[in-house]
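Beneath this line is the structure, given in structure tokens, with notes to follow.
Ligands are counted one by one from 1 in listed order, and the atoms in each one are counted from 1 as well. Keep in mind that this is a model prediction, so the values were computed, not measured.
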Amino acid sequence: MNIILLGPPGAGKGTLANKIKENKNAVQIATGDIFRYNISNETELGLRAKEYMDKGDLVPDELTVDLVWDAFDKIEKNNSQDNIVLFDGFPRTIDQASALDKGMEERGQQIDHVVYFDIDEEILIHRITGRRVCPNCGATFHIENNPPKLEGICDVCGTKLIQRNDDNEETVKNRIDIYKSQTSVLIDYYKDKGILISIDGANSPEEVFEEFCDKLGV
Ligand code: AMP
């Protein structure tokens, strides 16, 4: 089952993806995580992507689409028992959505569901600026809503938590503007295809996961 998690930055896509992976047979393709991995390993892709990411701009499609297919084809080859593939943070433009449709068709596959996180803008800024992430295992926390047991330390693996470079107020506003101008058109794109499911992104991670399971019947 191929599922897209669609929503603005800070809506809870990554948090839901982690919950699904903990509880179901699922694997995630998160383009933002792939770029950050390349940045920390100082690859050529990482250096090019960083320029855009630090400003909150979108990385160009020619650097994005191929790496999604590399990840997808690897999953198909290695982990055939993972029956849910989660696209997190991709597609973000109509061109990316068309490329995804085309590539899926070429592989005899399809996008089964698009989970849209419905959420107010004020909540996003608070969530993102307070977000802290584990650079080792990817666990996410919030300094007020979901603090780690020990301040600044990952509950899961004990690594020192960091704040993402692009999680500051100025960059967040740009990321939200870009979401509105380039990504939100995908809501109608997938609604027209009859595969869009809305969930309330303002709810707690547990409630969001429950709504996801109920609405998808998984
Ligand atoms: P995320 O981790 O999903 O919040 O993504 C962080 C940043 O990575 C975004 O602000 C973009 O700069 C870049 N990025 C992630 N996914 C994409 C994508 N599908 N297309 C273009 N840029 C992306």
Side-chain angles (χ1 to χ4, degrees), residues 2-18 20-21 28-41 43-72 85-104 111 114-117 119 121 123-142 161-187 189-190 201:
N2 297 308
I3 300 174
I4 294 172
L5 304 180
L6 174 67
K13 303 185 293 294
T15 303
L16 176 62
N18 284 337
I20 299 169
K21 285 192 293 180
Q28 171 191 22
I29 298 175
T31 38
D33 287 349
I34 299 174
F35 289 134
R36 280 185 289 278
Y37 175 82
N38 277 276
I39 290 172
S40 61
N41 285 290
T43 67
E44 200 186 319
L45 171 67
L47 289 175
R48 294 183 65 189
K50 187 172 173 12
E51 265 177 66
Y52 300 92
M53 288 173 75
D54 281 351
K55 288 184 276 181
D57 292 337
L58 291 185
V59 177
D61 288 351
E62 63 268 23
L63 298 181
T64 307
V65 174
D66 288 350
L67 63 86
V68 171
W69 290 122
D70 285 349
F72 186 79
V85 176
L86 299 165
F87 291 88
D88 167 6
F90 182 90
R92 267 174 151 102
T93 62
I94 284 281
D95 285 348
Q96 290 182 7
S98 307
L100 184 60
D101 284 345
K102 187 166 166 274
M104 280 289 164
I111 296 295
V114 177
V115 176
Y116 164 58
F117 291 68
I119 183 164
E121 191 172 328
I123 302 178
L124 300 175
I125 295 177
H126 177 257
R127 273 195 188 169
I128 297 179
T129 51
R131 175 160 66 185
R132 298 294 180 272
V133 298
C134 175
N136 180 46
C137 73
T140 58
F141 300 88
H142 188 279
L161 299 175
I162 57 162
Q163 182 170 29
R164 274 171 46 173
N165 268 353
D166 57 348
D167 276 354
N168 59 74
E169 193 157 342
E170 195 188 316
T171 310
V172 165
K173 285 191 175 139
N174 188 36
R175 286 160 65 199
I176 293 173
D177 285 347
I178 288 185
Y179 170 80
K180 285 192 211 156
S181 62
Q182 301 204 48
T183 310
S184 63
V185 286
L186 297 179
I187 302 167
Y189 181 87
Y190 290 116

* **Taking every non-hydrogen atom, the tightest pair across P9 and L124** => O-CD2, 3.3 Å
* Structure fact -> In terms of heavy-atom contacts, D166 and M53 come closest through CB-O, 3.5 Å
* **Aromatic plane relationship, F90 with F87 - under 30° parallel, 30 to 60° tilted, over 60° perpendicular** => tilted
* Lys/Arg-Asp/Glu bridge criterion (N-O < 4.0 Å) met for K55, E51 -> no
* Those protein residues which place at least one heavy atom below 4.0 Å from ligand 1 -> T31, G32, F35, R36, M53, D57, L58, V59, T64, G89, F90, R92, Q96, R164, D166, R175
* Under the 3.5 angstrom rule, does the side chain of Q96 hit a backbone N or O of R92 as a donor-acceptor pair? -> yes
* If you round to the nearest 0.5 Å, how far is OG1 of T43 from OH of Y37? -> 9.0 Å
